[in-house]
Amino acid sequence: PKMRVAFGTFVAVMSMSAVLLADSDAVIRGIVTDNAGKPIRGALVKATAGYKSITRYSQKDGRYEITLPAGNYTLTAEAYLFGSRRQSKDTAQKGETNFSLSPRMDVTALTGSEMESLMPDNAETKRIRGECISCHNLQRLMNKRGGTAKEWRDFLPTMTRGRYPVMVAPSVNPNASEANFIALTEALGKYFGPDAPYLAPDADPPSPERIKHTDLSDAALRATIREYEIPTPMPMPHSMTVDPVRGIAWWGGGSWLANKIGRFNMATETFEEYPVPTPNASVHTGIVAKDGRYFVTLPSGGDSKLASVDPATGKVTEYKWPEKTCPRLPCRSGPHTIALSKEGNLWLSGGSSGEVWSFDVETEKFAAHKFTQIGRASCRERV
């Protein structure tokens with residue numbers, strides 16, 4: 001499946017503004033109805049060609065309209081409580097492209113919040129939410145639904161396929177709690193296992209009344225969603241930062257397999273990616289400095305705490321601070337979140353080291369600023 005946000009394979013941009021037709025643009029339009037001919041409001045109709053997809057919603061009368069460059073597209077239509085349909089479309093062909101959807105309750109198509117509404121609110125489900133939705137939502141768990149607690153225990157350490165360490169697994173993180181890991185996998189086996197209500201592979205589907213579903217507003221139905229596939233496989237783009245002056249969207253490729261800084265030119269809709277020299281650096285949160293350089297934190301970069309890319313030359317520079325070193329796992333004392341001061345310098349959260357860090361972009365020097373932290377030991381003390 002195509003993932004978004006922190007573990008995403010796609011960059012999504014939403015626009016509420018009207019689209020001006022270029023000479024080379026075409027329009028795909030039609031109507032989405034149920035199999036009785038009744039219009040379906042809020043259906044997602046997606047047109048895909050190559051690495052780009054454009055999605056529009058159907059309106060109250062079931063009609064949709066997508067403006068896009070002329071060419072051949074794969075169209076898909078899906079809606080809440082309906083099965084999906086697919087068609088091919090050449091924009092040179094005249095006529096509308098209509099969809100008739102059949103009613104279908106597919107729990108795998110529910111959003112994470114809708115799945116949460118099917119689960120009781122207790123200590124077990126709170127544990128699942130606490131551990132499993134910091135990087136993705138519950139929808140991702142459906143890929144492994146039907147697994148027993150033992151199967152979840154075997155799966156979790158390999159869940160990211162090498163993109164990032166699984167911090168909850170003792171076999172990956174020596175500081176992880178074995179008791180918490182066992183309790184988590186028991187809960188996953190109960191609510192996403194072979195006998196789970198509603199979410200098991202062979203479970204009876206829930207009635208729509210049990211699901212907390214929110215209908216889209218009329219304003220939301222006017223949105224256009226554009227998705228672009230990043231060239232590097234499994235990149236885990238994290239914390240996109242937009243440079244409005246240069247029309248560039250930057251992000252860190254947090255995957256250990258990717259280990260890159262990426263940028264997307266919004267005018268040309270093209271990608272560029274820049275490998276970070278330090279391996280497994282967990283390229284994380286970034287910010288655009290006043291001179292246009294993109295700075296990004298390296299939480300697992302060892303001596304290297306920051307990296308930057310010059311947008312004009314594409315040169316990648318790492319900034320090392322060997323005085324603040326610590327084992328990458330599980331402590332990772334590198335910086336995490338980054339902010340820009342009025343003077344144009346950087347402020348960084350100091351990971352688990354009990355400090356706030358600063359970085360002078362002119363002198364390229366770091367400084368540490370201690371603060372009182374109750375109940376948290378420093379990195380060196382913990383190790």
Side-chain angles (χ1 to χ4, degrees), residues 1-9 32-36 38 40-46 55 57-58 76-86 99-161 166 168-169 179-216:
K2 298 170 182 175
M3 299 173 288
R4 297 175 178 84
V5 193
F7 277 59
T9 305
V32 184
T33 63
D34 62 21
N35 52 14
K38 182 180 178 181
I40 298 177
R41 178 187 182 275
L44 284 162
V45 183
K46 176 184 289 188
T55 302
Y57 288 100
S58 63
T76 58
E78 60 182 60
Y80 178 64
L81 300 183
F82 288 91
S84 63
R85 287 294 181 92
R86 175 178 296 184
F99 291 90
S100 177
L101 306 185
S102 299
R104 182 187 176 195
M105 167 56 74
D106 182 3
V107 293
T108 64
L110 297 179
T111 67
S113 61
E114 288 167 347
M115 290 178 189
E116 285 191 59
S117 70
L118 294 173
M119 301 165 60
D121 186 15
N122 57 34
E124 294 170 317
T125 60
K126 288 177 180 178
R127 185 182 297 275
I128 292 174
R129 292 194 296 270
E131 297 288 357
C132 296
I133 65 174
S134 59
C135 290
H136 54 71
N137 62 30
L138 295 184
Q139 196 176 48
R140 301 297 304 158
L141 300 180
M142 298 301 279
N143 293 336
K144 190 64 177 176
R145 68 175 181 147
T148 64
K150 170 63 167 56
E151 290 170 330
W152 280 102
R153 281 193 288 276
D154 293 339
F155 168 71
L156 288 185
T158 66
M159 176 179 61
T160 66
R161 293 180 285 172
V166 182
V168 73
N180 179 62
F181 183 66
I182 295 297
L184 174 63
T185 55
E186 291 290 338
L188 289 170
K190 181 175 180 179
Y191 292 103
F192 290 88
D195 301 317
Y198 309 128
L199 301 180
D202 298 324
D204 293 331
S207 63
E209 293 76 20
R210 291 195 60 92
I211 303 171
K212 291 183 179 179
H213 173 76
T214 301
D215 288 327
L216 292 169

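The figures here come from the full heavy-atom set of this structure, side chains too, leaving out hydrogens, waters and symmetry mates.
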Pairwise side-chain contact, [X] with [Y], heavy-atom cut-off 4.5 Å (strictly under):
| X | Y | value |
| --- | --- | --- |
| F181 | L156 | yes |
| T148 | P194 | yes |
| E78 | L101 | no |
| P201 | R145 | yes |
| F192 | K144 | no |
| L81 | R104 | no |
| L199 | L138 | no |
| C132 | L184 | yes |

Can you tell me how far the [atom1] atom of [X] sits from the [atom2] atom of [Y], to the nearest 0.5 Å?
| X | Y | atom1 | atom2 | result |
| --- | --- | --- | --- | --- |
| N137 | L110 | CG | CG | 11.0 Å |
| D34 | S100 | CG | OG | 7.0 Å |
| F82 | I40 | CZ | CD1 | 4.0 Å |
| F99 | T76 | CZ | OG1 | 7.0 Å |
| L44 | Y57 | CG | OH | 4.5 Å |
| S207 | M105 | OG | CE | 7.5 Å |

Shortest non-hydrogen contact from [X] toward [Y]:
| X | Y | result |
| --- | --- | --- |
| A200 | G193 | CB-O, 3.2 Å |
| V32 | V45 | CG2-CG2, 3.9 Å |
| I211 | S117 | CA-OG, 3.7 Å |
| T108 | Q139 | O-NE2, 4.0 Å |
| L141 | H136 | CD2-CE1, 4.2 Å |
| P103 | N35 | CD-ND2, 3.6 Å |

(message) Taking salt bridge (Lys or Arg N to Asp or Glu O under 4.0 Å) as the cut-off, I'd like each qualifying pair that reaches into residues 192-209, sequence neighbours left out, listed once.
(response) none
(request) Could you name each residue pair satisfying salt bridge (Lys or Arg N to Asp or Glu O under 4.0 Å) that touches residues 117-136, not counting sequence neighbours? (result)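 For residues 117-136, and leaving out neighbouring residues, the salt bridge (Lys or Arg N to Asp or Glu O under 4.0 Å) pairs sorted by first residue read E116-R129, D121-R129, E124-K190.
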(message) Check this for me: does any side-chain nitrogen of one of R153 and E186 sit under 4.0 Å from a carboxylate oxygen of the other?
(response) yes
(message) Restricting to ring-ring contact (aromatic ring centres under 6.0 Å, His included), what partner residues turn up for Y80, sequence neighbours left out?
(response)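 Counting only residues at least two positions away or on another chain, Y80 forms a ring-ring contact (aromatic ring centres under 6.0 Å, His included) with H213.
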(request) Begin from the C-alpha positions of R210 and L118 and carry the test side chain to side chain contact (heavy atoms under 4.5 Å, CB included) through to its verdict. (result) CA-CA 7 Å; R210 291 195 60 92; L118 294 173; 4.1 Å; yes
(request) Give a yes or no on whether the backbone of G83 and the side-chain of S102 come within a donor-acceptor separation of less than 3.5 Å. (result) no
(message) Given 3.5 Å as the limit, does a donor-acceptor pair link the side chain of S84 with the main chain of A77, or not?
(response)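 Not confirmed, S84 side chain does not pair with A77 backbone.
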